[in-house]
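Below is one structure, written out as structure tokens; the observations come after it.
In this text the structure is predicted, and so the values were computed from the model without any measurement. A note on names: the letters A, B, ... follow the listed sequences, proteins ahead of strands, and every chain is numbered from 1.
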Amino acid sequence: MHSFLRLSLLLLGFFVAGISYAADTPQSNPVDPGVDGSAIDKAARQKSDSGGSAFSDWITKYWAEGPDNIGPAVKQPIEFPHFRHAGDHDKGGMEINCMYCHTYARRSLVAGIPPVQKCIGCHQSIDEVRNKPRIKKLFAYWDAKKSIPWKKVHDLPDFVRFSHERHIQRFVFQLNRPVQEVCGYCHGNVKTMTVARRQKLLSMGFCVTCHEIKHPVTAPGGIPIGNQAYWYSMRKPVIDASGILKAQGPNDCSVCHK
Amino acid sequence: MKDIREDIAWAKINTDVLKSLENPRKLYWVILFIAVAVFGVGVGCEVYQYNMGLGVGNFDNPHMWGLYIATFIFWIGMSHSGTLLSAILHIMHADWRKPIYRFAEAMTTFSLMTAGLFVAVHLGRIWQIYFALPYPNMRQVWPNFQSPLLWDAMAIFTYLSSSILFLYVGMIPDLAICRDNMHSGWRKKLYAVLSLGWEGTDRQWRNFRMTYLTIACFLIPLAVSVHSIVSTDFAASQQPGWHITSFPPYFVAGALYSGCAAIITLFIILRYVFKFEEYMTKSILKKVARLTFAIAMVWTYLKWVEFAQAWFGHNAHDQHLLIEKATGTYAPFWWMMNFCASVVPFMLVFKRFQTNIPVLFAVSLLLNLGMWLERFMIVAPTFADGFYPWTWDHNQWPSLVQWGIVFGSFGWFAILFMLFCKIFPSVSMYEVKEMVYHRSLETKKLQALQAAGELAAAGKGAH
Amino acid sequence: MSITTLFENYSEFRHRHPDGDVPHNPYKWAMAIDLDACSGCNACAVACYAENNLPVVGREKFANGQVMHWMRIERYWDHDGSEFPERGARYLPMLCQQCEAAPCETVCPVGATNHTPDGLNSQIYNRCIGSRYCSSNCPYKVRYFNWWDYPSTDNVWPAEMNMQLNPDVTVRGKGVMEKCTFCIQRIRGAESDAKTQGRLVRDDGELQTACQQACPTSAISFGNLVDPESRVHKQWMAQQVELNKHEQAKDEEPGGSDLRGYRVYEWLAPYPSIMYLERVRETEI
Amino acid sequence: MMNSEFDRRDFLKVLGWGGTAVALTGCGNGMVESGKETVVSYVETKDYMIPSVSVYFNSTCAQCDAGCSITGRIREGRVLKLEGNPESAINRGKTCGLGQAGVQNHYNPDRVRAPLLRTGNTGEAITWEKAYALIDEKLKGVSGNEVAFLTGGMSGHTKVLMGNYMDSLGSKNHFVYEAIGPAVVRAANKKSYGVEMPRFNIGKARVVLSFGADFLGAWVSPVNFSQQYAQFRKGSGGHQRGVLIQVESKMTITGANADRWLAVRPGTEGILALGIINALGAHGVSIPGDIAAAVKTYDKDRVSNDTGVSAEQIDKIAAILKERTPSLVLAGSAAEGYAHGSQNAAAINLLNHVLGNVGKTIEAAAIVPFPQMAPLTGNTAALKALNDGLAAGKYKVLFSYGSNPVFTSPAAMKYKDNMAKADFKVVFAQYLDETALQADLVLPLDSALEDWGTQVPEYMAGNAQINIRQPLMEKLHADTRGMGDILLTLIKQRRAAEYKPFDDYYGYLRAAVLQNKAALGGANQPDNDIFWNETLSKGIIKFEGAKHASLSVKSGAAGLTLPAPSAADAEYPLQLIPHVNANLRDGRNTNQPWLQESPDPLTTIVWDSWIEIHPKKAAELGIVEGDIVEVTSKSGSLKVQAYIFPGIHPDAVSIPLGRGHEAMGRYAKGYGVNPFQILDMIYDKETGELALHETRVKISRTGNRVIVVKDEGPVGGNQEGQKIVPEMLTNKVNLSKEI
């Protein structure tokens, strides 16, 4: 009896300690972006992508979505091949900029699904794939003037108001990061996928971890990036060794919840 | 009058107490059924409230809190008496507590469990109650450590778990007795598991005493802190009538007070139902009654301190609220509270009432009523006549749903207590035996001393 | 927030109100309401219903005091014993004062109401568990609780009426507290646009609260208190009302000040962000 | 903004139904989901259509007739909110509560959704073709004189079409009816100033003396006046703050904002005005001889005795009027609502002449250079004429649009019964209101937010302007039509050839605007499409430097006879003042829940009617707040809760108009009482307008008592000695120096 008690107490202690550690560890999140793209340390990115420790990762991810760390496969009306459109040339892709189709991302809260018109715009002049089944389906929608009932893959709860615009504006236009990398912070490596699947947790902790990192607000020499030498976060910015002013991302609750 | 007869045989103690665990009479089932029905009313109201929203309780702006918080404090308060009897008096070596502390401690646990329900019932979104607990989570957000309510929740959980532990640990030797006196059935198995292999060896007794004392020492500051924290729910706010420095001791005194009153009530009931006249003697009752009176006076003093603070604080809002309490919509309740909780206890001054069971029973019920009103009078008037005159509102009364849940909580408490009395010995057998033994030793000592004294007297002064 | 951050920065996180070390930068949203201009017409309150998805509770619930108007127009009389109110009524639009040291913030057990870096007292609906402690401790009683589940209540938003709901504002279900947010959806929208364009929010009507925009007498002005060019800043300066003082120097002057600016319950030291300008009455008539 | 007209209409089509998803409650325990919800994407789209980004279109508010320009915020095809259009001289970017609630008129769940033909006591939904055919059929063999068309106030192209339709019918029976319009004041103004509605320059005045003109509440153009009021309070040109004196028997919101509110005995406003002229003379203001003669008998003591305003107070008013110029004297609804209302108004207008305000603070309004579009203002005399005709059985076919006479006429008039005498009654209505319920055919109308139109405001605040009304979103219900479209179709039944070029009212409107392009400011714009789109985009057609009407500066006191205050009436001792609430007006907006729940500014009562009684009178009658009292006039009685209200003359009681509907949907039906029903049929002697304030009543307790549903707490607006709304009593403060 006593030993049983002792054992369970010990196990409970381990469990609590493990969870505390897990929750305290930054979950898989993008690396602190440097001032420009060249400053990225790939090794650092890899490490950060894999999260803190395997154990904490497992615990947090298990909590979020069960044993699988990727979101469920979503059945779409047309199996859209992202890898073909956005993938690398050497792998048969066309390296189309994400924002060519998801055109609202830079100026709206939502990235948006392109109108059928846009698909047709290109595909009406690509005769070689005109008779493939998926393209036929696409034209069927177009001819019927119906919108394609795409399913949401990244569906945040209604009380979360994530802004694509701000993230694209900051990372793509103000920090000159590659588009696919920026989108990939949250969407993973879409250029290798057919139908997109959710890659990241997208839990609040996932967002918060990144917003707690001190991001540069000035370039070396004190020039404000994008004219923004101010900060929105709870904590004061700090000047690091290289003279760069760094501040947290906006991280009060009402940034997303209103 | 003696606290207990010294010549009770240990075997008789066992049989008397174990008799209370025998199959109950029909009346028991009837009462239990009533308790379940009463609890059912509360559950029904809560389900309704859960589905419809708190509006069914007839809350409004500004009446944000109502009976739930008042009754919550009432139950929390009631829980303090068990700790008083079992832990404080234990450390103070007041051995008359021994026959009655067990049910008091059970009362502590169960009233805490009832109070805990009110924390949940009171919430607008009961299904999100875990947000109030600090635990690592996917959202990486924490509760607000500045909020008294958060500490409230934590203190109650700590107090509840410690109380259960204390009750259980103190019961282990008795459970072993039960185990040894049962021959078959689920009870036997239950006692066997719960008594943790108690054999009454010296080592076990030594560890036991040490453990028990440690928990008792731990529990006392905890009890004080729990009600102090509950009081900071009010005292740490800015509102007139709440923002009062003396609230923590006032609340603790009030808690002990209402707890003692409740002990008298249950004492009388148990003594009558289980025929425990030999253990729960009138002498002990007298001591409890005197204790109650003393605490009542402490409480009354602190209440006057509260009034004086409001009155002489030169804060117009506080003064206005005090006048409003005494003359406004709540005046009947306020005066009744003052009468029940400050005037009625003077009945306990009279020696003949201290042992008069019907009178004590009535007095204890009145005291409890007074203490419940006192909590209501802390909560409600501040909402009705707070700072902002535009929102003053004297027309809002709790709806039947609120009353139903309050009512149901008594059913819940009764169910728990009745089940406890039939499953666990409500009088501590081993401690009564100790008491009898110690008393008889003392008597012998006394007799010896008397004999010596007589001798000495006969010998014209030994000193 | 990770545990580490929690322990390291807790005091910083819950900063009281702006002081030397943690100033508001670059925004501190504040308001000034001119009671001499305010006619008490209720346009602001209706505009608030339209902008912020406020439920219309209906007669019975209004009678029960469960109305959800974030902005209420209070009408006071002089009560001087004369037969008629010869100087009219006094109107006061009362809304959340967005206190800098808000009594509601400290008591919320889950931190659902807290302070933002731009000086707002934010209310996070999805975090709220409905303990109603915030409202209990609010001296102005400007917090409103969802006693009922209005989205599913008859005739609150029946079909078609629900098409009017503002998609930028969460529709609150039962059991959560709500209050005036200074139209935070507009604030965040304007801040975001300004950030994208590499500038600060301008004081030219780019950002208006719904009440301010509607007010027919322009009695309400709203803006960035730390921007010396903003109208609100100039008004506060001219009235000598300082944000983080609970006793203004001008009130200490012998004979009283002839400046009109004051804040309700300033002495309680919640440091409200709304300055009212006293109503004036002519003595020659 | 918009590129072509096609874009514009296409936009509405695509988005109209695409984005009906509404914000859901965001209070659940949400998790990130995948593959559960569908994303609505467009098939084709225009550049300006971005999900989650709002677009704004200008239009004109139709909640009252003031003609404020609005800007609608549209997202995902739904109009969400209305704001004022800053370009309009009338409202300059501001709105009132009524205007804000315009969206609730549009989204109201109780709108009529299909043409309804009466079969017995129910309405059967029929098609529009059938409805039109039916009208055509019923009009066959009916002479023009037997057709009557009742409308509310009208202007712009709808009015033009309306006139043409009446011509095509050969009928002259177009009755324009407004239940609470300032018809008597219009007539008095016409006499005194030469125009019905001059421009009132409150902002420039240093003293405003208003006789019951609730210009901050419901009078004429309240949003414009409110802005001017703010300017007036600030003081301009180095002057100190303007002084507002309000004279009325029941305090309005304007009275609540006055520096001095004077509770005058009901009906004696004109006497007080003459008394003030007299006092001005005594203060040395030169008064034309005939006026001086007319006011000679109105000495202070007599006036004070008649009106209940102290002689000292009259002196003070005269002194301040003399000292601070220019001033402005307004005659409002409280003054005009008596049998001698015209006289009252004339006497009050005389004050402006004496003070020399005409031409200074009373200016001629600009005129839109298209007289055929000028507003037709309504009055109650028109309804009386129609009612008499109906009673005599003169009309076989009755059209009714834009008013609700069954609700807004006194029960004693028996309009409902008389209406039944017409063989075929067509009501154009957005809701099944009391009048629509009496119809044989109900034709559902578009809301103002989905309809096309033009409007010429009656009160022109700045330069002349024509307001454009255009749809802010796709039609909510497929089977509603705009009034313009209906009229066009009806005209086509008569004059098909003439109107053939116009497919619909939109086409008509566009053609009409483009036809007069040069006159409408498009002389330099060769492209019709661009001009049209620019016009729509602005929402207003302005006429810079349009000509103004001319004011007559001279006025005499000829024919001015004011009756002595009515003697005490033992049987009906109290004057009933049916007051106009800024939000509910004559009851057409009562079904908008925001307005129902918006507390009355004076009493803070919501969702119900009440009767205001002075505390003194209430004590006399033993009435306390919440008592249900029976109010009886010669013409009827009703039961209503009492509210003890200090801002009313003890000899008067007041019930708000607009509530007490027996129909009109869930938000209007069954709330409160309708005081129109108990009004006596007493008319203004000169204009024949219904004298709204002339009814006398008695009240008695019924013994029942309720809790009054109001926002105010039990202390009734007492500050309890706290500094919540302090007041600065001074005549020195100069607010124009403030920022």
Side-chain angles (χ1 to χ4, degrees), chain C residues 35-37 39-43 45-47 49-51 56 59 62-63 72 75-77 79 84-90 92 125-126 151 155 158-167 170-173 176 213-214 216-218 231 234-235 238 260 262 264 278-285, chain D residues 20 22-23 25-27 75 78 80-81 83 94-97 100-101 103 107 109 216 223 226-227 229-230 233 241 243 245 253 255-261 263 316 320 476 582 593-594 597-598 601 604 606-607 646-647 666 709 711 717-719 724-731 733 738-739:
Chain C
L35 299 182
D36 197 45
S39 71
C41 71
N42 259 318
V46 181
Y49 271 75
E51 173 73 17
V56 169
R59 193 175 187 281
F62 200 112
R72 57 172 189 251
R75 186 268 296 117
Y76 292 95
W77 297 115
H79 285 280
F84 300 115
E86 291 192 325
R87 290 202 303 270
R90 306 181 184 196
L92 178 80
Y125 309 121
N126 45 304
N155 294 338
E160 287 131 49
M161 214 70 131
N162 56 7
M163 287 172 75
Q164 188 273 330
L165 291 172
N166 187 354
T170 305
V171 176
R172 285 79 60 184
V176 296
Q213 193 164 11
T217 58
S218 308
R231 179 159 187 244
K234 287 176 185 162
Q235 278 180 308
R260 299 194 291 144
Y262 75 101
V264 180
E278 283 175 37
R279 139 190 136 135
V280 183
R281 284 297 176 258
E282 176 76 30
T283 45
E284 233 167 69
I285 184 66
Chain D
T20 48
V22 294
T25 41
C27 295
R75 240 189 83 171
R78 297 182 280 129
L80 300 176
K81 190 161 188 300
E83 305 289 1
K94 299 298 182 179
T95 50
C96 61
Q100 286 289 336
V103 281
Y107 289 117
L216 295 176
V223 180
S226 293
Q227 286 175 0
Y229 167 78
R233 283 307 201 192
R241 183 177 169 280
V243 177
I245 306 159
I253 185 171
N257 283 286
D259 292 273
R260 181 62 61 181
W261 180 79
K316 271 189 178 175
I320 204 164
L476 209 52
W594 289 341
E597 192 143 312
S598 170
T604 76
V606 294
W607 286 102
R666 65 194 79 177
V709 183
D711 197 40
N718 194 337
Q719 296 183 60
I724 292 172
V725 198
E727 178 180 60
M728 190 171 270
L729 282 176
T730 171
N731 60 357
V733 62
E738 282 183 5
I739 296 137

For C/I285, which atoms come within 4.5 Å of any heavy atom of chain D: side chain, backbone, both, or neither? both
Any C/C41 side-chain heavy atom under 4.5 Å of D/S226 side chain: no
Please rank D/I320, D/L216, D/I253 by heavy-atom pairs under 4.5 Å with chain C and give me the top one. D/I253
Is there side-chain contact between D/V103 and D/L80, with at least one heavy-atom pair below 4.5 Å? no
Examine C/R172 relative to C/Y125 and say whether NZ or CZ is less than 6.0 Å from the centre of the six-membered ring and inside a 45° cone about the ring axis. yes
Contact class of D/I245 relative to chain C, heavy atoms under 4.5 angstrom: side chain
For D/V725, is it the side chain, the backbone, both, or neither that has a heavy atom closer than 4.5 Å to a heavy atom of chain C? both
Quick check on the interface: out of C/G40, C/P85, C/A37, who has the most heavy-atom pairs with chain D under 4.5 Å? C/P85
Interface residue of largest heavy-atom contact number with chain C, from D/V606, D/T604, D/V223, under 4.5 Å: D/V606
Could you check which of C/V56, C/L92, C/L35, C/N42 has the highest count of heavy-atom pairs closer than 4.5 Å to chain D? C/V56
Mind ranking D/E597, D/K81, D/R233 by heavy-atom pairs under 4.5 Å with chain C and telling me who comes out on top? D/E597
Would the distance check show the side chain of C/N162 and the main-chain N or O of C/E160 forming a donor-acceptor pair, the cut-off being under 3.5 Å? yes
Counting heavy-atom pairs under 4.5 angstrom with chain D, the leader among C/A63, C/A47, C/A89 is C/A47
For the candidates D/C96, D/A263, D/A258, D/A230, which exhibits the highest count of non-hydrogen atom pairs separated by less than 4.5 Å from chain C? D/A258
Just so I understand: if I count every heavy-atom pair under 4.5 Å between each of D/Q227, D/R666, D/E727 and chain C, which residue has the most? D/E727
Please report the C-alpha distance between C/E86 and D/R260 in whole Å, then the side-chain angles of each, then the deciding distance to 0.1 Å, and finally whether the salt bridge (Lys or Arg N to Asp or Glu O under 4.0 Å) criterion is met. CA-CA 5 Å; C/E86 291 192 325; D/R260 181 62 61 181; 2.9 Å; yes
Hey, are the side chains of D/Q100 and C/Y49 touching, using non-hydrogen atoms and a 4.5 Å cut-off? no
Scored by heavy-atom pairs under 4.5 Å with chain D, the best of C/R59, C/E278, C/E51 is C/R59
Look up atom CG in C/N155 and atom CE in C/M161, then write down how far apart they are to the nearest 0.5 Å. 8.5 Å
Relative to chain D, which segment of C/A214 carries a heavy atom at a distance below 4.5 Å: side chain, backbone, both, or neither? both
Does any part of the side chain of C/D36, heavy atoms only, come nearer than 4.5 Å to the side chain of C/R260, both counted from C-beta? yes
Return the option, out of C/R72, C/Q235, C/Q213, with the maximum number of heavy-atom pairs under 4.5 Å with chain D. C/Q213
In the structure I gave you, are the side-chain heavy atoms of D/E738 and C/K234 within less than 4.5 Å of one another anywhere? no
